[in-house]
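Note: hydrogens, waters and symmetry copies are ignored here, and every other heavy atom, side chains too, is used. Both counts, for ligands and for their atoms, begin at 1 and track the order of listing.
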Amino acid sequence: MSTTAHTSADAFERRLSDSPRSESERAELIASPSFGVVFTDHMARVTWTADEGWTDRRVEPYGPLQLDPAAAVLHYGQEIFEGLKAYRHADGSIWTFRPEKNAARFAASARRLALPELSVEDFLGSIEALVAVDGAWVPGADETSLYLRPFMFAAESFLGVRPSRRVDYLLIASPVGPYFSGGVRPVSIFVAEDYHRAGPGGTGAAKCGGNYAASLLPQQEAYAHGCEQVCFLDAATSSLLEELGGMNVMVVHRDGSIATPALSGTILEGVTRDSILTLLREGGHEVVERDLPLAEVLEGLRTGDVTEIFACGTAAVVTPIGRLVGDGFDLEVNGGATGTVTTAIRHQLTAVQYGRAEDTHGWMRRLA
Ligand SMILES: *Cc1c(COP(=O)(O)O)cnc(C)c1O
């Protein structure tokens, strides 16, 4: 069971803040937080050098970093990150969801970006150490959580182009409310034909800042077309659905079967994606991971064979897609409303995460 695994939280030295927010300040800040605006009093940190490896594990006061203007990350973008959440259950205990998957993905992203791998023990240890100090920042209201953001970057001051010989790993945490204030609401999606986020052999399967930088201009194009998000197509043929800038995508058919793009190396292997595929299969849905041609989805929307489309990821969990817009098409999905499969899978997954349903897969890991 993952809940009994050992980590090296104790290896993190505590250098506590002498000016943490008061209980009432904290209560106010976690009452109705926007996404990623407020941060807790501390951060966890580990330093890596080519000569000494990972050293100086600590939890220290949250605050600005001192960075040399020649730090490699500022010039060549050698950076990766993760995103997961800590959930407060009704009995007050604090849990996280499949963090070993994030740890493994963080290591895989590190390999692709020529960064040193952080061990699973240090990844999980940093989370436990930070929550041990800042656990009071995990909100308890419905659909709230403490968003955890581990990241790693090239900190060496050097303008030559090679992997950095000094790297910083940090974990910061931000109390977050429901991703959509006013409940889950279908979003409109612009299918980008002129821009791609990833190509064969590129960094699409790594969770790195550079992928997000590449998605911002097409995102602006989506806004200009009255859409909230972008869906990218494969770079090789511009004909296959891949994913949104930060969420995987799934298509539901009239017969209850679900199709999602296969892990081709150019899309991000979402933990939410994997968990939902498991739950759908167990619920009796046929689930197929394969090439998903845009033309097939558009045709399915016109004939009624495609009944629902949704996006999924840690931050927003499950987001219904109500409209698909692109070059020569503008189609509603399910009349622009949230579908029944989308609603059901969202409830099923969040029930496990918030401890309202039994964790039959050993996905939850207790933090406090
Ligand atoms: C993080 C991310 C996802 C979602 O992954 P989860 O593990 O489910 O949060 C999907 N696509 C991209 C590009 C991402 O960066």
Side-chain angles (χ1 to χ4, degrees), residues 35-36 77 79-87 96-110 112-113 123-124 127 145-152 173-174 176 179 187 189 191-192 195-199 202-219 222 228-235 240-251 258 260-280 289 292 309-319 321 342 345-346 348-350 352-353 361 363-365:
F35 186 84
E79 187 269 355
I80 58 170
F81 66 95
E82 269 303 324
L84 65 169
K85 287 173 170 175
Y87 307 88
T96 188
F97 182 75
R98 307 186 77 182
E100 323 74 28
K101 295 282 267 184
N102 298 88
R105 188 169 68 190
F106 197 53
S109 297
R112 180 61 186 86
L113 273 290
F123 185 90
L124 299 180
I127 292 173
S145 59
L146 185 66
Y147 184 79
L148 303 169
R149 168 54 60 87
F151 62 105
M152 187 195 292
S174 171
V176 295
Y179 201 77
V187 298
I189 297 289
V191 181
Y195 299 103
H196 298 96
R197 68 174 281 284
T203 56
K207 208 168 176 73
C208 63
N211 291 342
Y212 280 71
S215 76
L216 298 178
L217 181 61
Q219 177 69 48
E228 289 139 290
Q229 295 271 331
V230 186
C231 184
F232 292 96
L233 301 173
D234 74 299
L240 307 174
L241 287 192
E242 291 216 311
E243 61 171 324
L244 311 195
M247 284 187 271
N248 296 114
V249 65
M250 303 205 183
V251 174
I258 281 93
T260 193
L263 300 172
S264 56
T266 53
I267 67 174
L268 204 280
E269 189 172 344
V271 178
T272 317
R273 173 189 183 278
D274 182 78
S275 308
I276 284 177
L277 294 182
T278 300
L279 294 175
L280 287 170
E289 298 172 64
L292 201 54
I309 307 178
F310 64 87
C312 61
T314 297
V317 195
V318 170
T319 303
I321 293 173
T342 305
I345 200 66
R346 181 177 220 287
Q348 206 184 337
L349 182 59
T350 53
V352 174
Q353 292 170 331
H361 303 91
W363 282 343
M364 303 306 293
R365 181 191 181 91

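Ring planes of Phe106 and Phe123: tilted class, angle from 30 to 60°.
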After noting the C-alpha distance and the side-chain angles of Leu240 and Leu233, does the key distance pass the side-chain contact (heavy atoms from CB on, under 4.5 Å) rule?
CA-CA 5 Å; Leu240 307 174; Leu233 301 173; 6.0 Å; no

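The closest approach between a heavy atom of Ser275 and any atom of ligand 1 is not below 4.0 Å. At least one heavy atom of Arg197 sits under 4.0 Å from some atom of ligand 1.
Contacts with ligand 1 closer than 4.0 Å are made by side-chain heavy atoms of Arg105 only, the backbone lying farther away. Contacts of Leu268 with ligand 1, taken as heavy-atom pairs under 4.0 Å, involve the side chain alone.
Taking CD1 of Ile276 as the reference point, atom SG of Cys312 lies at 4.0 Å (rounded to 0.5 Å).
One option in Ala198, Ala205, Gly246 has a heavy atom closer to atom 10 (C) of ligand 1 than any other, and that option is Gly246. Of the candidates Ala316, Cys312, Gly270, Gly270 brings a heavy atom nearest to atom 5 (O) of ligand 1.
Among all protein heavy atoms, the one lying closest to atom 15 (O) of ligand 1 is Tyr212 OH, 2.5 Å. At the shortest separation from atom 14 (C) of ligand 1 among protein heavy atoms lies Lys207 NZ, 3.0 Å. The shortest contact between atom 8 (O) of ligand 1 and any protein heavy atom is with Thr272 OG1, 2.6 Å. With respect to atom 11 (N) of ligand 1, the closest heavy atom belonging to the protein is Glu243 OE1, 2.5 Å.
In summary, Arg105 and Glu82 engage in a salt bridge, as defined by a charged side-chain N under 4.0 Å from a carboxylate O.
Aromatic ring centres of Phe35 and Tyr147 lie closer together than 6.0 Å.
Using a 4.5 Å cut-off on side-chain heavy atoms (C-beta onward), Asn248 and Pro261 make no contact. Using a 4.5 Å heavy-atom threshold, the side chains of Ser264 and Asp234 count as separate.
With a 6.0 Å radius and a threshold of 12 heavy atoms from other residues, nucleotides or ligands, Glu228 has its CD atom above the threshold.
Below 3.5 Å of separation, one finds no N or O of Asn248 facing any N or O of ligand 1.
Interface of Thr314 with ligand 1, defined as ligand atoms under 4.0 Å from a residue heavy atom, comprises 6 (P), 7 (O), 8 (O), 9 (O).
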